[in-house]
Amino acid sequence: MDLWTGLACLKPNPEIKDVDPLDGGKGAWANVVARVDSQDEFEKRIRRHADSMGYILVELDEVQLLEARMSNEGYPEELIDMRQTATRQPEDSIWGTFHIWEQDESN
């Protein structure tokens, strides 16, 4: 298994009325890391975990092996800790900081 990463674009699931996971925000981007066998498995795991947290995964961008992403200058420093956590917790998806936006793209 390899460590994969990507940028997840999320929106709150409108069917869940009693919890606002983004505290009024319209959506968020977050780095994600998971230990899986393939890109397809990575995408399935991230979608499943987003659903379980009350989000809709709108888009998963820049999916690649974590090693490849970290070989480029300017990668987010949070990936260092996320790599360590994903190594210790291979069944989980590891989510970075949620960068919340307040306005919908249609505004």
Side-chain angles (χ1 to χ4, degrees):
M1 286 200 277
D2 295 308
L3 289 173
W4 287 80
T5 188
L7 290 171
C9 175
L10 307 166
K11 288 196 174 186
N13 185 337
E15 294 178 7
I16 300 174
K17 304 288 186 203
D18 51 338
V19 178
D20 183 359
L22 297 178
D23 196 27
K26 301 297 183 188
W29 282 95
N31 286 298
V32 289
V33 173
R35 180 175 290 283
V36 293
D37 288 323
S38 67
Q39 181 174 341
D40 185 55
E41 188 179 335
F42 176 75
E43 293 173 5
K44 287 177 184 175
R45 181 179 294 181
I46 298 306
R47 184 171 307 283
R48 185 176 69 246
H49 286 175
D51 289 346
S52 73
M53 294 186 300
Y55 301 107
I56 295 171
L57 180 64
V58 176
E59 183 178 5
L60 194 53
D61 200 17
E62 298 182 27
V63 175
Q64 60 187 301
L65 290 171
L66 181 62
E67 182 178 313
R69 185 163 181 205
M70 292 180 74
S71 69
N72 297 321
E73 287 186 31
Y75 67 85
E77 286 189 30
E78 71 180 352
L79 291 180
I80 296 168
D81 290 335
M82 293 172 72
R83 175 178 56 191
Q84 293 172 347
T85 303
T87 300
R88 288 190 315 268
Q89 298 171 216
E91 299 302 315
D92 291 336
S93 59
I94 311 306
W95 295 74
T97 302
F98 278 47
H99 301 277
I100 299 171
W101 69 84
E102 301 298 325
Q103 294 184 342
D104 203 344
E105 293 175 4
S106 61
N107 290 344

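Basis for what follows: all heavy atoms, side chains included, without hydrogens, waters or symmetry-related copies.
Residues satisfying the side-chain hydrogen bond (donor to acceptor under 3.5 Å, both in side chains) test with Q89, not counting sequence neighbours, are D92. By the salt bridge (charged side-chain N to carboxylate O under 4.0 Å, His left out) test, D40 is found to be paired with K44, residues two or more places apart in sequence or in another chain being considered.
The two residues M82 and N31 come nearest to each other via the heavy atoms CE-O, 3.4 Å. The shortest non-hydrogen separation linking R69 to Y75 is O-CB, 3.7 Å. Counting all heavy atoms, side chain and backbone alike, V32 lies closest to L60 at CG2-CD1, 4.1 Å. Here the closest non-hydrogen pair linking C9 and W101 is SG-CH2, 3.5 Å. Closest of all the heavy-atom pairs between K11 and V58 is CG-CG2, 3.6 Å. Contact record, L10 with A50: CD2-CB, 3.9 Å, taken as the closest heavy-atom pair.
Among residues at least two apart or in separate chains, there is no side-chain hydrogen bond (donor to acceptor under 3.5 Å, both in side chains) pair with a member in residues 58-67.
With hydrophobic clusters built from ILVMFWY side chains whose heavy atoms lie under 4.5 angstrom apart, M53 shares a cluster with F42. By the rule that hydrophobic residues join a cluster once side-chain heavy atoms approach within less than 4.5 Å of another member, V33 and I80 end up as members of one cluster. Transitive grouping of hydrophobic side chains (ILVMFWY, heavy atoms separated by less than 4.5 Å) brings Y55 and I46 into a common cluster.
A heavy-atom distance below 4.5 Å is not found between the side chains of P76 and T97.
To the nearest 0.5 Å, the span separating CG on D81 from CD1 on I94 amounts to 11.0 Å.
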Exercise for the section: Go through L65 and W4 one step at a time and tell me if the side-chain contact (heavy atoms from CB on, under 4.5 Å) criterion holds. Expected result: CA-CA 4 Å; L65 290 171; W4 287 80; 3.4 Å; yes

Exercise for the section: Kindly indicate, with the supporting measurements, whether the criterion side-chain contact (heavy atoms from CB on, under 4.5 Å) is fulfilled by E77 and L79. Expected result: CA-CA 5 Å; E77 286 189 30; L79 291 180; over 6 Å; no

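Between the side chain of S71 and the backbone N or O of A68 there is at least one donor-acceptor pair closer than 3.5 Å. The closest donor-acceptor contact from the side chain of R35 to the backbone of S93 lies at 3.5 Å or more, if one exists at all. Checking side-chain atoms of R47 against main-chain N and O of L57 turns up a donor-acceptor pair under 3.5 Å.
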